[in-house]
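Read through the structure below, which is laid out as structure tokens, and then see the notes.
Order of the sequence lines fixes the chain letters, A, B, ..., with proteins taken first and strands second; residue numbering starts at 1 for each chain.
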Number of protein chains: 2
Amino acid sequence: MRVRTPSELGALIRDYRMRHNLDQKSLAASVGVSRQWIVEIEKGKAGAPLGLVLRTLGAIGIVLDAQQETPPSPKGKNESHGVDAYVDINTIVAGARKKKK
Amino acid sequence: MRVRTPSELGALIRDYRMRHNLDQKSLAASVGVSRQWIVEIEKGKAGAPLGLVLRTLGAIGIVLDAQQETPPSPKGKNESHGVDAYVDINTIVAGARKKKK
DNA sequence: TTACAATGTCGTCGAACGCTGACATTTTAG
DNA sequence: CTAAAATGTCAGCGTTCGACGACATTGTAA
């Protein structure tokens, strides 16, 4: 499953927790957080610390895999905003000299 | 690439940012955070808010995929073939009646 | 060399966080 | 049904975060 937002991740955690027949209290204990925090995370809390989130995922047997995103519709020219996934000619020229190693 | 710790994710972000020839300032602007925050994230800050982390990944074209972790090869007997690779008999018995819907 | 851009680090401060504890609601066991 | 467990929510409090500004360090271009 793809994870793009805190809400998606929260739903994922809840789903896996229930699959393992764990209650919030037990999961909280094994992760090392309070039960309320588990409640928040499952609701999709955006402010949850990355470290705790990863530990929670580990506690229920989920691993995350990072991949290059599929082409964001290469229609227009060089979109100035929102960081292209693809390198355009300008950035190549701009950074052409600073090839360090 | 697998992401298990904040440090791994930080290295991933840094790698992708450089691959796109972006400086910290530009990335920070497109994500909507301070440049210092980018520095911290790339160092593997564990306390970074999940929401900002996901937005950063999106800004450089990385998607996360969640998967069931492969168990450390439980040389047990009847290997379950279903979704859950390892649910022990106790948890099954304990939760056998709580079939909700 | 000098000059500039990118990066790393350090204070300060207001805002947000997580925890404890309690209580209300929902669900399950008997 | 009632009792207990699990879950959702709230208030208070100490801790930690991110933004901001400034400065040091590094690397590249002229």
Side-chain angles (χ1 to χ4, degrees), chain A residues 5-7 9-60 80 83 87 90-101, chain B residues 5-60 87 89-101:
Chain A
T5 66
S7 292
L9 199 134
L12 187 75
I13 291 176
R14 182 180 252 277
D15 186 50
Y16 269 67
R17 175 176 64 81
M18 289 179 163
R19 260 184 229 194
H20 289 280
N21 286 307
L22 284 173
D23 58 19
Q24 296 175 336
K25 190 177 174 186
S26 302
L27 177 57
S30 76
V31 175
V33 297
S34 67
R35 185 178 65 83
Q36 289 84 339
W37 190 85
I38 299 294
V39 173
E40 299 290 327
I41 256 291
E42 293 187 351
K43 283 200 304 181
K45 187 174 191 66
L50 175 62
L52 295 184
V53 171
L54 292 178
R55 265 162 52 192
T56 304
L57 293 178
I60 54 180
S80 70
V83 183
V87 183
N90 294 321
T91 51
I92 292 180
V93 172
R97 320 182 191 106
K98 44 172 54 174
K99 280 312 163 196
K100 191 167 159 189
K101 52 177 169 193
Chain B
T5 67
S7 293
E8 287 177 3
L9 198 132
L12 187 74
I13 290 176
R14 186 178 186 89
D15 185 50
Y16 269 67
R17 175 177 64 81
M18 289 180 163
R19 224 174 267 196
H20 291 292
N21 286 307
L22 283 172
D23 58 19
Q24 295 174 337
K25 189 178 174 187
S26 302
L27 177 57
S30 76
V31 175
V33 295
S34 66
R35 184 180 65 83
Q36 290 88 335
W37 189 84
I38 299 294
V39 174
E40 298 291 327
I41 257 291
E42 293 186 350
K43 283 200 305 181
K45 187 175 191 67
L50 174 62
L52 295 184
V53 171
L54 292 178
R55 266 163 51 193
T56 304
L57 292 178
I60 54 180
V87 177
I89 190 65
N90 294 320
T91 50
I92 291 181
V93 172
R97 311 185 184 105
K98 38 175 63 172
K99 288 299 175 204
K100 184 175 169 185
K101 50 172 134 177

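- Residues satisfying the side chain to side chain contact (heavy atoms under 4.5 Å, CB included) test with B/Gln36, not counting sequence neighbours, are B/Ser34.
- You'll find the side chain of A/Glu42 reaches within 4.5 Å of the side chain of A/Ile38, heavy atoms only.
- Straight-line distance from the CD1 atom of B/Ile41 to the P atom of D/dA19: 11 Å, rounded to whole Å.
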Donor-acceptor pairs are to be reported for all side-chain atoms of residues 44-57 of chain A against protein atoms at under 3.5 Å, with residues two or more places apart or in another chain.
| unit_1 | atom_1 | unit_2 | atom_2 | d |
| --- | --- | --- | --- | --- |
| A/Arg55 | NE | A/Val31 | O | 3.4 |
| A/Arg55 | NH2 | A/Val31 | O | 2.6 |
| A/Thr56 | OG1 | A/Leu52 | O | 2.7 |

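- Taking side-chain N and O atoms only, B/Arg17 has a distance below 4.0 Å to OP1 or OP2 of C/dT7.
- When rounded to the nearest whole Å, the span between CD of A/Glu40 and C1' of D/dG8 equals 10 Å.
- For A/Ser26, the side-chain hydrogen bond (donor to acceptor under 3.5 Å, both in side chains) test picks out A/Asp23, with sequence neighbours left out.
- When the C1' atom of D/dA6 is taken as reference, atom CD1 of A/Ile38 falls 14 Å away, rounded to whole Å.
- Note that CG of A/Leu12 and OG of A/Ser7 are 12.0 Å apart. Values are rounded to the nearest 0.5 Å.
- Overall bending of the helix from C/dT1-D/dA30 to C/dG30-D/dC1, expressed as the angle between end axes built from five pairs apiece, is 50° (10° steps).
- Computed from coordinates, the A/His20 NE2 to D/dA6 P distance equals 18 Å when rounded to whole Å.
- Residue A/Gln24 contributes atom CD, which lies 15 Å from atom P of C/dT26 at whole-angstrom precision.
- The two residues A/Ile60 and A/His20 come nearest to each other via the heavy atoms O-NE2, 3.4 Å.
- Between A/Lys43 and D/dT7 there is no side-chain N or O to OP1 or OP2 distance below 4.0 Å.
- The distance from atom NZ of B/Lys25 to atom C1' of C/dT7 is 13 Å, rounded to the nearest whole Å.
- When the C1' atom of C/dC17 is taken as reference, atom NZ of B/Lys45 falls 13 Å away, rounded to whole Å.
- In terms of modelled atom types and a separation under 3.5 Å, the side chain of B/Arg35 and the main chain of B/Gln24 share no donor-acceptor contact.
- In terms of phosphate contacts, A/Arg14 brings no side-chain nitrogen or oxygen within less than 4.0 Å of OP1 or OP2 of D/dA6.
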- Message: For a quick check, with a 4.0 angstrom heavy-atom cut-off, what is the B/S/- contact string for nucleotides 19-24 of chain C, read 5' to 3'?
- Response: SBBB--

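- The distance from atom CG of B/Leu50 to atom C1' of C/dA16 is 15 Å, rounded to the nearest whole Å.
- Among D/dG18, C/dT7, D/dT7, the nucleotide with an atom closest to any side-chain atom of A/Asp23 is D/dT7.
- Residues that satisfy the side-chain hydrogen bond (donor to acceptor under 3.5 Å, both in side chains) test with A/Glu40, not counting sequence neighbours, are absent from this structure.
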